[in-house]
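I have placed the structure first, in the form of structure tokens, so that the comments after it can refer back to it.
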Number of protein chains: 2
Amino acid sequence: MSVRRERRDALENRQLILQTAHELFNEYGVQPVSMHQIAKTAGIGQATLYRKYAHKGDLCLDMLHDYGIKLMNEINDYLVRNRDNPASERLSGIVGFWIDAIEDKAELLIESESKMKCENDRGNFFQSPMYRFSKEKMSELLAEIVGDNQQPSFDPDIAAHAIICSLSPGGYFHIKQEKGYTTEQIKEHYSRMCKFSPQ
Amino acid sequence: MSVRRERRDALENRQLILQTAHELFNEYGVQPVSMHQIAKTAGIGQATLYRKYAHKGDLCLDMLHDYGIKLMNEINDYLVRNRDNPASERLSGIVGFWIDAIEDKAELLIESESKMKCENDRGNFFQSPMYRFSKEKMSELLAEIVGDNQQPSFDPDIAAHAIICSLSPGGYFHIKQEKGYTTEQIKEHYSRMCKFSPQ
DNA sequence: TCTTATAACGGACAACTGTCCGTTTAATTA
DNA sequence: TAATTAAACGGACAGTTGTCCGTTATAAGA
């Protein structure tokens with residue numbers, strides 16, 4: 001059976017959308033720019049935009065794609081460089097990268113977080129490579145931390161997921177503001193939390 | 001100076017809104033009901049509705065008010081009854097109550113979570129009594145857990161906040177489904193995580 | 001009780017979201 | 001190269017959000 005490859009106009013429009021959104025977000029910020037405005041500015045139909053991206057959060061998540069690749073590479077490098085350090089330290093290292101990412105890409109992340117309603121949805125953050133990768137790496141480190149424990153322990157996947165959720169932009173910026181901490185102070189407290197290990 | 005008391009019609013409308021929203025949510029679910037529909041059904045103007053509630057999430061949060069009071073009382077009772085148990089056990093007890101609440105009130109919580117955009121906003125979950133109460137109680141228990149530690153430790157407020165954030169409905173239901181765990185199994189894993197204490 | 005100031009009301013409106021459906025266009029096949 | 005076919009397009013539309021502003025009703029004071 002022959003596989004029809006993606007039509008040229010479809011590909012061009014996808015690139016045009018990302019380009020246009022990037023420019024509009026740079027000029028006005030993410031939140032104030034509407035999907036209508038993106039379509040209008042790009043000179044394409046509303047439906048063409050929605051056919052590619054289910055909602056603005058979906059679009060924002062795709063705009064984080066390259067950043068996500070870069071982040072995953074950096075984390076991989078970090079883990080290799082520090083392979084002989086304690087697992088808890090490497091874990092807090094990943095958390096540090098994650099916090100930097102939130103600070104860097106706050107607007108896009110907040111948008112994609114707020115539109116994340118339906119499970120198994122296009123544009124669900126929990127389906128993104130960045131989330132899956134980080135959960136996996138954190139899970140491995142947590143498994144290493146609790147590894148030599150005979151009594152039944154918690155599921156490292158759940159712990160990793162919990163750590164990532166606790167770093168959702170909404171919650172992160174709230175506590176940061178409420179406590180009046182700097183980014184480095186938050187990192188430091190998370191780092192100390194990672195030092196915890198079973199009684 | 002004289003304090004004008006709240007006008008009668010304003011009070012009546014507030015009750016009418018809550019009553020109407022309750023009925024509509026019961027019949028159709030939370031997500032499918034629009035603010036327009038609530039106003040129309042209640043027989044009041046759109047602006048009257050928005051004057052009382054900044055958005056649907058704000059309304060949902062208010063609809064959780066009584067439930068929140070009940071929950072706080074239950075947690076208080078629990079803490080008194082178990083005052084002689086280890087702090088980590090009481091902590092996982094609170095988490096248990098919290099998880100039950102998520103399961104009970106998923107729809108309202110998801111709605112209020114997804115509309116929580118601006119900090120210091122009416123209808124921000126982090127301003128709600130339920131959040132503040134739980135964070136305070138968890139923070140006290142965490143302080144107790146790490147209390148007799150001479151080296152600098154993490155801020156219990158941050159840890160408490162992190163635990164609550166990790167239990168946001170979106171994240172909770174995602175991991176529950178992905179792992180195929182029952183509610184009790186999630187509680188069990190959280191309980192084991194709470195057993196952790198400093199190296 | 002009547003007047004008055006003002007809080008609250010609500011219809012109408014502008015803008016946004018997301019979808020439908022008839023039309024166009026690119027890739028495949030002859 | 002022409003015909004075919006299905007993917008992709010985009011204007012238009014219905015429904016929703018959130019606000020504005022002229023009108024109404026209520027509580028306080030005379």
Side-chain angles (χ1 to χ4, degrees), chain A residues 1-18 20-21 24-25 28-62 111-118 121-124, chain B residues 1-21 24-25 28-62 110-118 121-124:
Chain A
M1 58 202 184
S2 66
V3 176
R4 268 182 117 85
R5 64 171 183 270
E6 189 181 23
R7 268 172 54 165
R8 201 175 55 247
D9 53 353
L11 186 70
E12 283 168 1
N13 278 334
R14 163 167 279 110
Q15 291 168 338
L16 183 59
I17 288 167
L18 288 173
T20 305
L24 287 173
F25 289 173
Y28 305 103
V30 174
Q31 205 259 327
V33 174
S34 72
M35 291 291 268
H36 179 80
Q37 189 180 356
I38 295 169
K40 225 28 182 319
T41 306
I44 62 171
Q46 190 90 334
T48 300
L49 177 52
Y50 276 100
R51 218 171 288 118
K52 309 242 185 293
Y53 298 106
H55 45 74
K56 200 161 65 150
D58 191 14
L59 171 56
C60 289
L61 214 47
D62 198 40
E111 189 62 43
S112 70
E113 184 188 41
S114 81
K115 289 293 169 52
M116 193 177 68
K117 13 195 67 155
C118 19
D121 186 21
R122 266 198 302 165
N124 185 322
Chain B
M1 61 200 179
S2 65
V3 176
R4 264 183 121 82
R5 64 172 183 270
E6 189 181 24
R7 267 171 56 165
R8 201 174 55 250
D9 53 353
L11 186 70
E12 284 168 1
N13 278 333
R14 164 167 276 111
Q15 291 168 339
L16 183 58
I17 289 168
L18 289 172
Q19 168 73 19
T20 306
L24 287 173
F25 289 172
Y28 305 105
V30 173
Q31 205 260 326
V33 173
S34 72
M35 291 291 268
H36 179 81
Q37 189 180 356
I38 294 168
K40 225 28 183 319
T41 307
I44 63 171
Q46 190 89 337
T48 300
L49 178 51
Y50 276 100
R51 218 170 287 119
K52 307 239 184 297
Y53 298 106
H55 44 75
K56 200 161 64 152
D58 190 16
L59 170 57
C60 288
L61 214 46
D62 197 40
I110 287 171
E111 189 62 42
S112 69
E113 185 188 40
S114 81
K115 289 293 168 52
M116 192 177 68
K117 13 196 67 157
C118 19
D121 186 20
R122 268 199 299 166
N124 185 322

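Please read these numbers as outputs of a predicted model, since none were measured by experiment.
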Could you tell me the separation between the [atom1] atom of [X] and the [atom2] atom of [N], rounded to a whole number of Å?
X: B:L49; N: C:dA8; atom1: CG; atom2: P; value: 15 Å
X: A:Y53; N: C:dC16; atom1: OH; atom2: P; value: 21 Å
X: A:K56; N: D:dT17; atom1: NZ; atom2: P; value: 17 Å
X: B:R8; N: D:dT24; atom1: CZ; atom2: P; value: 18 Å
X: A:K115; N: C:dG18; atom1: NZ; atom2: C1'; value: 11 Å
X: B:I38; N: D:dG18; atom1: CD1; atom2: P; value: 12 Å
X: B:E6; N: C:dA8; atom1: CD; atom2: P; value: 7 Å
X: B:E12; N: C:dC9; atom1: CD; atom2: C1'; value: 13 Å

Closest to the B:Q46 side chain: D:dA8, C:dA12, D:dA27?
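Per side-chain heavy atoms of B:Q46, the pick is C:dA12.
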
What's the closest nucleotide to the side chain of B:A47 if the choices are D:dT19, C:dT19, C:dG18?
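The answer is D:dT19.
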
So, does [X] get its side chain near the phosphate of [N], meaning an N or O under 4.0 Å from OP1 or OP2?
X: A:R51; N: D:dC9; value: yes
X: A:T48; N: D:dA8; value: no
X: A:R5; N: D:dA7; value: no
X: A:Y50; N: C:dT19; value: no
X: A:N13; N: D:dC9; value: yes
X: B:K52; N: C:dC9; value: yes

Nucleotide N/O of nucleotides 2-6 of chain C paired with protein N/O under 3.5 Å:
none

Heavy atoms only: give me the nearest [X]-[Y] pair and the separation to one decimal.
X: B:R122; Y: B:Y53; answer: NH1-N, 3.8 Å
X: A:L24; Y: A:V33; answer: O-CG2, 3.8 Å
X: A:M116; Y: A:N124; answer: SD-OD1, 3.3 Å
X: B:Q46; Y: B:A39; answer: OE1-CB, 3.8 Å

If I take atom [atom1] from residue [X] and atom [atom2] from residue [Y], how far apart are they, to the nearest 0.5 angstrom?
X: B:Y50; Y: B:D58; atom1: OH; atom2: CG; answer: 11.0 Å
X: B:K40; Y: B:T20; atom1: NZ; atom2: OG1; answer: 14.0 Å
X: B:N13; Y: B:R7; atom1: CG; atom2: CZ; answer: 10.0 Å

Side-chain touch B:L18/B:L59, heavy atoms, less than 4.5 angstrom
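They are in contact (side-chain heavy atoms under 4.5 Å apart), so the answer is yes.
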
Would you say the side-chain atoms of A:K56 pair up with the backbone N or O of A:Q31, donor to acceptor, closer than 3.5 Å?
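Checked: pair present.
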
Flag, side chain of B:S114 to backbone of B:E111, donor-acceptor distance under 3.5 Å
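Between the backbone of B:E111 and the side chain of B:S114 there is a qualifying donor-acceptor contact (under 3.5 Å).
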
Which residues in residues 30-37 of chain B have at least one heavy atom lying under 4.0 Å from any atom of DNA chain D?
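Heavy-atom contacts with DNA chain D come from B:S34, B:M35, B:H36.
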
